Structures are given as structure tokens and as C-alpha cells.
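Inspection log for the structure reproduced underneath, given as C-alpha cells.
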Amino acid sequence: MAQEEKKRSEFTRRVIEVISSIPFGRVTTYGAVAAAAGNPRGARVVVWVLNSSSERENLPWHRVINSKGGISLKPGYGFELQKQLLESEHIAVSNEGYIDLGKYLWRSTAR
DNA sequence: CAACTGACGATAG
DNA sequence: CCTATCGCCAGTT
């Protein structure tokens, strides 16, 4: 099929779908989303998607964290907001914003 | 149109 | 362990 409807890269489209698929009570990382979408180094695109379409596509942006298992935002710039959103989903977050990936990391089922 | 920006990641040293 | 650099895409200035 000719899939030339959207001008965005196929990669970008996949990123949005992966983020939309993150289940309740789980988290994933930028790199994992990028890798699942086809580019292990496309993590920055994930950042762009969240900024660009988090509200637009109603994406669970708070379930996306960095590969260290921590919140990347700084206190006063959304850090506390994200921390509380995660805790609302029964996810344990330390005061420093770190999460136990061994327990909560979600891996894309489509691999 | 060129340069910069954005919540990062992997690799190299 | 820490720092530096490249890679990735689209939007803004």
C-alpha cells in the first residue's frame, strides 16, 4: 500500500503509537521507545513528540523516563508533577525521582 | 534559509 | 565514574 499520507517519518509515527501503548502502572525509557520504533538513537525524537503531542494526542508523557530510571525534569520545572502522577499509578518514586526499572519497566510487546 | 532547541542515548576516551 | 561528541526529527527563531 502506498503509505504516503503522512509526511512524518515512519519512525515518528511509531514513537507516538508506542507511547500511547504504555499500560497503567508501568514506565518506559526514551531509548526503549526509540528502539521499539526502529531507531535506538532516536531518543531526542521522543522528547520532541512529548513536547509536541503530549496534550494534543493525550499521551501519558509522565510514564516516559530516562535510561537511568529517573525523572529528567528539574525541580520546579515539572519534576514534582511527574513524580506525583507516577505515584498515583502505584509506582514507587524516590525523593530523587528514581524508579525501580526492574519492577516497573515496560517493554514493548511488539518486538 | 541557517541555526538553535528539546524531558536523551550510545559510544569513545 | 565523568566528560565530550554524534545521531535523530520536527518546530521555532
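Source: prediction; values computed, not measured.
- The interatomic distance linking A/Asn51 (CG) with C/dC9 (C1') rounds to 13 Å, in whole Å.
- The nearest whole Å value for the distance from the OH atom in A/Tyr30 to the C1' atom in C/dG7 is 18 Å.
- For B/dG6, its base sits under 3.5 Å from the side chain of A/Arg44 at one donor and acceptor pair at least.
- A/Val47 pairs in a side-chain contact (heavy atoms from CB on, under 4.5 Å) with only one of the listed residues (A/Asn51, A/Leu50, A/Val45), which is A/Asn51.
- Spacing between atom CG of A/Leu86 and atom P of B/dA7 amounts to 17 Å, rounded to whole angstrom units.
- We find that A/Arg26 and A/Glu89 are not joined by a salt bridge, their nearest charged nitrogen and carboxylate oxygen being 4.0 Å or further apart.
- When distances run from any side-chain atom of A/Thr12 to the nucleotides B/dA7, B/dT11, C/dC9, the shortest one goes to C/dC9.
- The gap from the P atom of B/dG9 to that of C/dG11 amounts to 22 Å, rounded to the nearest Å.
- Side-chain N/O atoms of A/Ser67 include one lying less than 4.0 angstrom from OP1 or OP2 on B/dG9.
- In this structure the side chain of A/Pro60 reaches within 4.5 angstrom of the side chain of A/Ile19, judged on heavy atoms.
- To the nearest angstrom, P of B/dA7 lies 18 Å from NE2 of A/His62.
- Between A/Arg13 and A/Glu17, none of the side-chain N atoms (NZ, or NE/NH1/NH2) sits under 4.0 Å from a carboxylate O, so this pair counts as no salt bridge.
- Between the C1' atom of B/dG6 and the CZ atom of A/Arg41 lies a distance of 19 Å, rounded to the nearest Å.
- Both A/Pro40 and A/Trp61 lie close to DNA chain B; mapped to their nearest nucleotides by heavy-atom distance, the more 5′-ward contact belongs to A/Trp61.
- Remark: P of B/dT5 and OH of A/Tyr77 are 16 Å apart, rounded to the nearest angstrom.
- Taking the side chain as every heavy atom from C-beta outward, A/Tyr30 and A/Val64 approach each other to under 4.5 Å.
- Put simply, A/Ser9 has a side-chain N or O that comes within less than 4.0 Å of OP1 or OP2 on C/dA10.
- If you take CG of A/Leu59 and P of B/dG6, they are 20 Å apart, rounded to a whole angstrom.
- Distance from the side chain of A/Asn66 is smallest for B/dC8 among the nucleotides C/dC9, B/dA7, B/dC8.
- The nearest whole Å value for the distance from the CG atom in A/Leu81 to the P atom in B/dA7 is 14 Å.
- C/dC2 and B/dA7 have their P atoms separated by 22 Å, with the value rounded to a whole Å.
- Distance noted for atom P between B/dC1 and C/dC8: 23 Å (whole Å).
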